[in-house]
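Worksheet for the structure shown next.
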Amino acid sequence: MSKAIFWCRNDLRLRDNPGLSYALRHHDDVAVIYIDEADLSSPSASDWWRFEALTDFAEQLDGKLIYRCGNAKDVLPKLIEELSAEAVYWNRCYEPKVMARDSELKQQLKDAGTSVASFPGNLLVEPWEVLKGDETPYRVFTPFYKAALKHGFAEPYENVYSSSLSKLMAAESELHQVKAKAQRPWMSMLAEHWSISTQSMDQRIDGFLAQAIEGYGELRNVPSVDGCSRLSPYLHFGQVSPREIVARAGAKHLTGSFIRELAWREFSHYVLYHWPTTEEENMDSRFDVIPWINNVDQINAWQKGLTGIPMVDAGMRELWQTGYMHNRVRMIVASLLTKHMMVDWREGAKWFMDTLVDADVAQNSLSWQWTAGSGVDAAPYFRIFNPVTQGEKFDPKGDYVRRWVPELAELPDKWIHQPWAAPEEICRLVKFVPGKDYPMPIVDLKSGRERALSVWETIKGAAA
Ligand code: FAD
């Protein structure tokens, strides 16, 4: 009887799962294991999602998911011995720290006589497959995207069929106890906004592909409408693979705006793979000397959605209450923090990693560096979003702001994005007291912008 382990990570799915399919095809008994390495003393929003996704995946495996906590380097060898497994398989993760650990572990297990193989993970192209003519990686999105399209996206791999699940080995799982212990009151607030099961996700994908993908290019920037897919957390945890999404969207949409956004996801993982320090360090070293201000009271106001700037506060409150924020608004809040407020982008990235259900090291660090101006293919530093004009353009009737900042709901559209400027008679009419019912702005948008630009002037001549 040959026994194998499939070590699942961010690939909690039966479809398009090359490692799990391979294990089931080549062995008589297969143990599916999950090793929880997170510090759960202070769980994040994405830990909540992870537990729910794991619970759903365990159900799909007829309950046969072996869940253990600890360091994979200790837990995996122990499980191999306990289960008398002769082989271990996993799908690749591409975060540099995880990749380095995995290759060390692979060698350690091979040296101990276990057969080990890894398979493609959750990307459309492996990061080393698309390079420039001189064999160096792309630093700019559009040429990367064109080269990736030319190279071709990987097709979905095999699905796991329910008939092969009889090969799964059952064992004690600590999942339910650990999940119960990690439960926090705020998690029920997030649960009101999401349905995490694969079944609900499939309905979401089908609905988006049938109704929204055609208008996506136009509506993806309007935060008050359901114009985006909201698939990011499912993609992060690998409940669905991007290969499957591309295949379901069909050839007609291959070069359309939706798949182009999915390619930004690819580019994020690509950049982190080729420039592993960009999770923590500025890609453009000129930013190393920026005198960040990091005012703690202002950072707190930003986190709580109390900056006095409606688009920003709406976004930060949407994030807190749902674990999600619309992409356009993510750019607006990140721009205010890093430019008008002069707060180090790493502060913002940290808060997002704690509060987003789709928190993803590669996408988060690339996007924060892009907004701050310090990353690859970054927005030029002088492009500083004005949250008022952004609001007027992308939320012209104020629907998004009214939903998340109800204390402004009665203000006319004209003043909804700058309540501090509303004339006295209007405020009296709608019984709104600026500074009392809603804070005055914590930064002056004009002088904040000028300050950021003057700092940029001092560093822009330095060699990158
Ligand atoms: P859709 O518009 O439906 O796009 C489909 C998919 O494409 C998304 O699910 C996502 O996987 C990918 N995608 C879309 N836009 C981007 C982008 N700009 N960069 C990379 N991938 C993209 N996304 C995360 O998944 N995790 C993060 O931690 C994260 N942090 C961000 C931080 C900042 C400051 C900014 C500006 C953006 C961040 N993004 C992050 C990217 C983007 O905002 C989200 O992927 C998107 O809003 C998710 O919503 P959706 O699934 O409806 O996206």
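Everything numeric in this text was worked out from a predicted model, so none of it was measured. Counting convention: from 1, in listed order, for ligands and their atoms alike.
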Open item on the list: Taking the ring of F57 and the ring of F237, is the distance between their centroids below 6.0 Å?
Closed with: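 Ring-ring flag for F237/F57: false, centres at least 6.0 Å apart.
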Open item on the list: Can you confirm whether or not the ring centre of Y270 sits under 6.0 Å from the ring centre of H274?
Closed with: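 Ring centroids of Y270 and H274 are less than 6.0 Å from each other.
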Identify the protein heavy atom lying closest to [atom], giving its residue, its atom name and the separation to 0.1 Å.
{"atom": "atom 26 (N) of ligand 1", "answer": "D358 O, 2.9 Å"}
{"atom": "atom 3 (O) of ligand 1", "answer": "S229 OG, 2.6 Å"}
{"atom": "atom 48 (C) of ligand 1", "answer": "S232 OG, 3.2 Å"}
{"atom": "atom 38 (C) of ligand 1", "answer": "S367 OG, 3.4 Å"}
{"atom": "atom 21 (N) of ligand 1", "answer": "Q363 NE2, 3.3 Å"}
{"atom": "atom 32 (C) of ligand 1", "answer": "N364 OD1, 3.3 Å"}
{"atom": "atom 34 (C) of ligand 1", "answer": "W368 NE1, 3.5 Å"}
{"atom": "atom 39 (N) of ligand 1", "answer": "R330 NH1, 3.4 Å"}

Look at the side chain of [X] and the backbone N and O of [Y], then say whether any donor-acceptor pair between them is shorter than 3.5 Å.
{"X": "E318", "Y": "Y400", "answer": "no"}
{"X": "S200", "Y": "I196", "answer": "no"}
{"X": "S103", "Y": "A100", "answer": "yes"}
{"X": "Q298", "Y": "I442", "answer": "yes"}

Can you see whether [X] engages [Y] through a side-chain donor-acceptor pair at a distance of less than 3.5 angstrom?
{"X": "Q60", "Y": "T198", "value": "yes"}
{"X": "N294", "Y": "R346", "value": "no"}
{"X": "D11", "Y": "W90", "value": "no"}
{"X": "D313", "Y": "T307", "value": "yes"}
{"X": "N282", "Y": "S285", "value": "no"}

Heavy-atom distances under 4.0 Å decide this one: backbone, side chain, both or neither, for [X] against ligand 1?
{"X": "A359", "value": "backbone"}
{"X": "F352", "value": "side chain"}
{"X": "N327", "value": "both"}
{"X": "L366", "value": "neither"}

Using a plain distance cutoff, I'd like to know if [X] has any nitrogen or oxygen under 3.5 Å from a nitrogen or oxygen of ligand 1.
{"X": "E261", "answer": "yes"}
{"X": "Y216", "answer": "yes"}
{"X": "L231", "answer": "yes"}
{"X": "W264", "answer": "no"}
{"X": "T371", "answer": "no"}
{"X": "R220", "answer": "no"}
{"X": "H326", "answer": "no"}

[X]: heavy atom below 4.0 Å from ligand 1, yes or no?
{"X": "Y324", "result": "yes"}
{"X": "M331", "result": "yes"}
{"X": "F258", "result": "yes"}

Could you list which atoms of ligand 1 come closer than 4.0 Å to a heavy atom of [X]?
{"X": "L356", "value": "27 (C), 28 (O), 30 (N)"}
{"X": "L235", "value": "9 (O), 11 (O)"}
{"X": "L262", "value": "6 (C), 7 (O)"}
{"X": "S268", "value": "20 (C)"}

Open item on the list: Could you check whether any side-chain heavy atom of V333 comes within less than 4.5 Å of a side-chain heavy atom of W302, counting everything from C-beta outward?
Closed with: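 With C-beta onward as the side chain, the pair touches.
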Open item on the list: So S367 and W264, do their side chains get closer than 4.5 Å, heavy atoms only?
Closed with: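 Heavy-atom side-chain distance check fails, nothing below 4.5 Å.
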TODO: Establish, yes or no, whether the cationic atom of R139 lies under 6.0 Å from the six-membered ring centre of F144 and within 45° of the ring axis.
DONE: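 No - R139 does not lie over the ring of F144 by the 6.0 Å and 45° rule.
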Task: Cationic tip of R204 above W194 ring, under 6.0 Å, 45° of axis - done: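 No, R204 and W194 do not form such a contact.
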